[in-house]
Student: 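First the structure, which I've put down as structure tokens, then a few questions once you've had a look.
What's counted below: heavy atoms across the whole structure, side chains too, no hydrogens, waters or symmetry copies.
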Amino acid sequence: MLPSPDHPDITGGIYNAEPVPAWQITVYEPQATPAWFGEGITYGIFPDRFRRGGTLSPDRPLKPWDAVPDYKPSPDGVIRRNDCFGGDLAGIREKLPYLRSLGVTTLYLNPIFRAQSNHRYDTGDYERIDPLLGDEADFGALCRDAHALGMRVLLDGVFSHTGADSRYFNAEGTYDSVGAAQSEDSPYYPWYRFRHWPDDYDCWWDVRALPCVEETCPSYLDYILRGEDSVVRRWMRAGADGWRLDVADELPDEFLETLRTVVRGEKPDAAVIGEVWEDASNKVAYGRRRHYFEGRQLDGVMNYPLRDAILRFVQGGDALEFRTAMEALRENYPPQAFASLMNFLGTHDTVRILTQLGCENPPEEQDARAVFRLSPAERARGKALLRLATAILYAFPGSPMIFYGDEAGLEGFEDPFNRRGYPWGREDAELLAWYRLLGTVRTHTAALKRGRLRFVTALGDTLAFVRETDGETLLCAVNRGGLPREIRCGWRHPAAESLLNGVRARVADGELACTLPAGSCMWLIGRDE
């Protein structure tokens, strides 16, 4: 036993001068998360750009479907994001059989409530479907048809701010209500944080069109959550099966806990998924530790750490880094939360995945980025890497999410170039067939939906892991390198069947062995006799 150098007179213990690695213990209340979400496949839709149903008479002119979205400021210097292409709820409903052919079980809709922008994150009226998309009857019909096909509907809840041009703030006088920007006697005035009324107020990322709300204001809580006909209750009764919460780190604990209680009260198996870009188990936002996974707030979150790890690996990173990052996440997350993550490669906030993986020298000028298209060689490279990335994505615990058009080969840099219209009639047939294959296998494979995760190989350019249930094991292996790699692992089944790419395996004496070609991926499955 050695004395401490700081306290030489103290003995009786062991002093270790080496730094102790950081570690975490996550304490949580057991909770049941909805199996339908984590075991299924999600499809993310930016409603204005997916499909025109052709039933609406829009009050705004529509851009040609194949046009480049507006990206330049208006004459007054403001980028308004209010150009519309005419996608609507009827169009989504029309394409439900197509989505089912991809194995989709959850529709995640970007905001659908009335707003001035095409993205609708500037809510104008929570009680009304945007007329450009349809009405409440259209929403109900979409939900009924989706449910009949075994699909659920997840709405985007934007509750940390509203639009300045809204029923509640009414800075433009568009609505017949008395908004907070019009009178301090407005019933909505307590919802907002004015530094100097009416022209200086707290707003999201200093965007004046997005005034922040005081989420714990009793009248706001009643309106959005607690009231008998609150916004959340109303749309769940209309057919929604859960909510994806925009900027969840800006929603107070009280709000999140109340929301989950209300949502579960309406539908006991409803899902609540948060937008969190980091490890959600130890997230600190605005100086406060968050409590998302302690049992009373979120079922899962958007899995940005997985996206980052997949992209790093397939673009040249070490497989051990992937394993380390994902094992840290698995250690930190409660098991039910780890199984309820929304896993994705692209969203409305990111560069299109094909462009991300294929483009070698991105142009800097915005005009060039607006019209950029991958060269044939870049597109081939992007597709090859995308196959590797999706093989991992679909085999990992949680729900793989397709951002509309990724399966069809849609390209584009950042917002708004990642929000072009779905290329109906011009889909990349090869990619579409690949996504359908992945969806079909996942739909019919228990190990992919709820199997335990175990890493087999994580070395350099080779990554392999298994998902296993009591009677079934699926091996996912990816070789992003330029040489063939041998994969070996323990195998308790008498044989292994190839589900992707036709790679043959040898099984003998409880071991599986196979050679994975350069730049390829495989899924092998074994079942008990």
Student: Among Leu245, Asp349, Asp249, Val301, whose side chain to side chain contact (heavy atoms under 4.5 Å, CB included) with Glu275 holds?
Tutor: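 The passing option is Asp349.
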
Student: What pairs with Ser101 under side-chain hydrogen bond (donor to acceptor under 3.5 Å, both in side chains), at least two apart in sequence or on another chain?
Tutor: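 With sequence neighbours excluded, Ser101 shows a side-chain hydrogen bond (donor to acceptor under 3.5 Å, both in side chains) to Arg436, given in chain and number order.
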
Student: What pairs of residues pass the salt bridge (charged side-chain N to carboxylate O under 4.0 Å, His left out) test when at least one of them lies in residues 353-363, not counting sequence neighbours?
Tutor: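 Listed once each, the pairs would be none.
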
Student: Under the side chain to side chain contact (heavy atoms under 4.5 Å, CB included) test, which residues partner Pro69, sequence neighbours left out?
Tutor: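 With sequence neighbours excluded, Pro69 shows a side chain to side chain contact (heavy atoms under 4.5 Å, CB included) to Arg49, Asp83, Phe85, Pro416, Arg420, given in chain and number order.
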
Student: What is the minimum heavy-atom distance between Tyr192 and Val213, and which atoms define it?
Tutor: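 Nearest pair, atom of Tyr192 first, then Val213: CE2-CG1, 3.8 Å.
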
Student: If you compare all heavy atoms of Ile129 against all heavy atoms of Leu133, which two are closest, and at what distance to 0.1 Å?
Tutor: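 Minimum heavy-atom contact is CG2-CB, 4.2 Å.
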
Student: Please report, to 0.1 Å, the donor-acceptor pairs under 3.5 Å made by any side chain of residues 308-323, with sequence neighbours excluded.
Tutor:
| residue | atom | partner | partner atom | Å |
| --- | --- | --- | --- | --- |
| Gln315 | NE2 | Leu311 | O | 3.1 |
| Asp318 | OD1 | Leu320 | N | 2.8 |
| Asp318 | OD1 | Gly460 | N | 3.2 |

Student: Could I get the full list of side-chain hydrogen bond (donor to acceptor under 3.5 Å, both in side chains) partners for Tyr71, not counting sequence neighbours?
Tutor: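 Tyr71 satisfies side-chain hydrogen bond (donor to acceptor under 3.5 Å, both in side chains) with Asp367 once adjacent residues are dropped.
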
Student: At what distance, to the nearest 0.5 angstrom, does CD of Gln24 lie from CG of Asn332?
Tutor: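 Between atom CD of Gln24 and atom CG of Asn332 there are 3.5 Å.
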
Student: What pair of heavy atoms forms the shortest contact from Ala240 to Leu155, and how long is it?
Tutor: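 So the two residues come closest at CB-CD1, 3.7 Å.
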
Student: State the CG-CE distance between Leu341 and Met302, to the nearest 0.5 angstrom.
Tutor: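 Rounded to the nearest 0.5 Å, the CG-CE separation comes to 11.0 Å.
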
Student: For a salt bridge (charged side-chain N to carboxylate O under 4.0 Å, His left out) with Arg81, tell me which candidate from Asp70, Asp48, Asp122, Asp415 qualifies.
Tutor: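 Only one option passes, and that is Asp415.
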
Student: Distance from Leu132 atom CG to Ile112 atom CD1, nearest 0.5 Å?
Tutor: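 Output value for this atom pair is 13.0 Å.
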
Student: Without hydrogens or angle criteria, can the side chains of Asn110 and Tyr121 be said to hold a donor-acceptor pair below 3.5 Å?
Tutor: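 The criterion, which ignores hydrogens and geometry beyond distance, is satisfied for Tyr121 and Asn110.
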
Student: In plain terms, say whether Arg195 and Asp200 are close enough for a salt bridge, that is, a side-chain N and a carboxylate O under 4.0 Å apart.
Tutor: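 Looking at Arg195 and Asp200, the cut-off is met.
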
Student: Quick test of your reading: applying side-chain hydrogen bond (donor to acceptor under 3.5 Å, both in side chains), list the pairs with at least one residue in residues 379-399, sequence neighbours left out, ordered by first then second residue.
Tutor: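 side-chain hydrogen bond (donor to acceptor under 3.5 Å, both in side chains) check on residues 379-399 returns Thr42-Ser399, Arg379-Glu411, Arg379-Asp428, Lys383-Asp428, Lys383-Glu430, Thr390-Trp434.
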
Student: Side chain of Tyr333, backbone of Ala280: donor and acceptor closer than 3.5 Å?
Tutor: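 Flag set: sc Tyr333 to bb Ala280 pair under 3.5 Å.
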
Student: Side chain to side chain contact (heavy atoms under 4.5 Å, CB included) with Ala339: which residues, sequence neighbours excluded?
Tutor: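 Here no residue qualifies.
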
Student: Looking at CG of Leu357 and CD of Glu378, how far apart are the two atoms once the value is rounded to the nearest 0.5 Å?
Tutor: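 Atom-to-atom, Leu357:CG and Glu378:CD are 12.0 Å apart.
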
Student: Quick check with a 6.0 Å cut-off and a 45 degree axis cone: is Arg93 positioned over the face of Phe50's six-membered ring?
Tutor: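 No, Arg93 does not lie over the aromatic ring of Phe50.
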
Student: Is there any salt bridge (charged side-chain N to carboxylate O under 4.0 Å, His left out) pair reaching into residues 153-165, and which pairs are they, with sequence neighbours excluded?
Tutor: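 Applying salt bridge (charged side-chain N to carboxylate O under 4.0 Å, His left out) to every pair that reaches into residues 153-165, excluding sequence neighbours, yields Asp156-Arg244.
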
Student: Looking only at side-chain N and O atoms, does Ser340 offer a donor or acceptor that is under 3.5 Å from a partner on Asp299?
Tutor: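 No, Ser340 and Asp299 have no side-chain donor paired with an acceptor closer than 3.5 Å.
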
Student: On a heavy-atom basis, which atom in Phe417 and which in Ala370 lie closest, and how many Å separate them?
Tutor: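 In this case the closest contact between Phe417 and Ala370 is CE2-CB, 3.4 Å.
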
Student: Suppose we screen for side-chain hydrogen bond (donor to acceptor under 3.5 Å, both in side chains). Which residues come up paired with Arg80, at least two apart in sequence or across chains?
Tutor: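 Once residues adjacent in sequence are excluded, the partners of Arg80 under the side-chain hydrogen bond (donor to acceptor under 3.5 Å, both in side chains) criterion are Asp76.
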
Student: How far apart are the C-alpha atoms of Thr350 and Gln356, what are their side-chain angles, what is the distance that settles it, and do they pass the side-chain hydrogen bond (donor to acceptor under 3.5 Å, both in side chains) test?
Tutor: CA-CA 9 Å; Thr350 66; Gln356 175 81 44; over 6 Å; no

Student: Using atom types as modelled and distance alone, determine if a side-chain donor or acceptor of Tyr201 lies under 3.5 Å from a backbone N or O of Arg208.
Tutor: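 Checking the backbone N and O of Arg208 against the side chain of Tyr201, a donor-acceptor pair under 3.5 Å is found.
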
Student: For Asp202, enumerate each residue passing the side-chain hydrogen bond (donor to acceptor under 3.5 Å, both in side chains) test, keeping only those at least two apart in sequence or located in another chain.
Tutor: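 Listed in chain order: Arg193.
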
Student: The criterion is side chain to side chain contact (heavy atoms under 4.5 Å, CB included); which residues satisfy it with Thr216, sequence neighbours excluded?
Tutor: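 Side chain to side chain contact (heavy atoms under 4.5 Å, CB included) list for Thr216, sorted by chain: Glu214, Pro252, Glu254.
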
Student: Of all heavy-atom pairs between Leu107 and Ala146, which one has the smallest distance, and what is that distance?
Tutor: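 Looking at all heavy atoms of both residues, the shortest contact is CD1-CB, 4.4 Å.
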
Student: I'd like to know if the side chain of Thr123 pairs up with that of Tyr168 as donor and acceptor (distance under 3.5 Å, no hydrogens or angles considered).
Tutor: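 Short answer, no.
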
Student: Is the number of heavy atoms from other residues, nucleotides or ligands under 6.0 Å of Arg288 CZ greater than 12?
Tutor: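 No, not enclosed.
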
Student: Does atom CG (Leu459) have a neighbourhood of more than 12 heavy atoms from anything else shown, all under 6.0 Å?
Tutor: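 Count not over threshold, so no.
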
Student: Thr462: what forms a side chain to side chain contact (heavy atoms under 4.5 Å, CB included) with it, not counting sequence neighbours?
Tutor: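 With neighbours one apart ignored, the set is Thr457, Asn479, Arg485, Ile487.
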
Student: As a test of understanding, state which of Thr443, Leu438, Leu474, Leu499 forms a side chain to side chain contact (heavy atoms under 4.5 Å, CB included) with Leu448.
Tutor: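 Among Thr443, Leu438, Leu474, Leu499, the one that satisfies the side chain to side chain contact (heavy atoms under 4.5 Å, CB included) with Leu448 is Leu474.
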
Student: Do you know the tightest heavy-atom contact between Thr515 and Pro484?
Tutor: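 Scanning both residues completely, I find the closest heavy atoms to be CG2-CB, 3.9 Å.
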
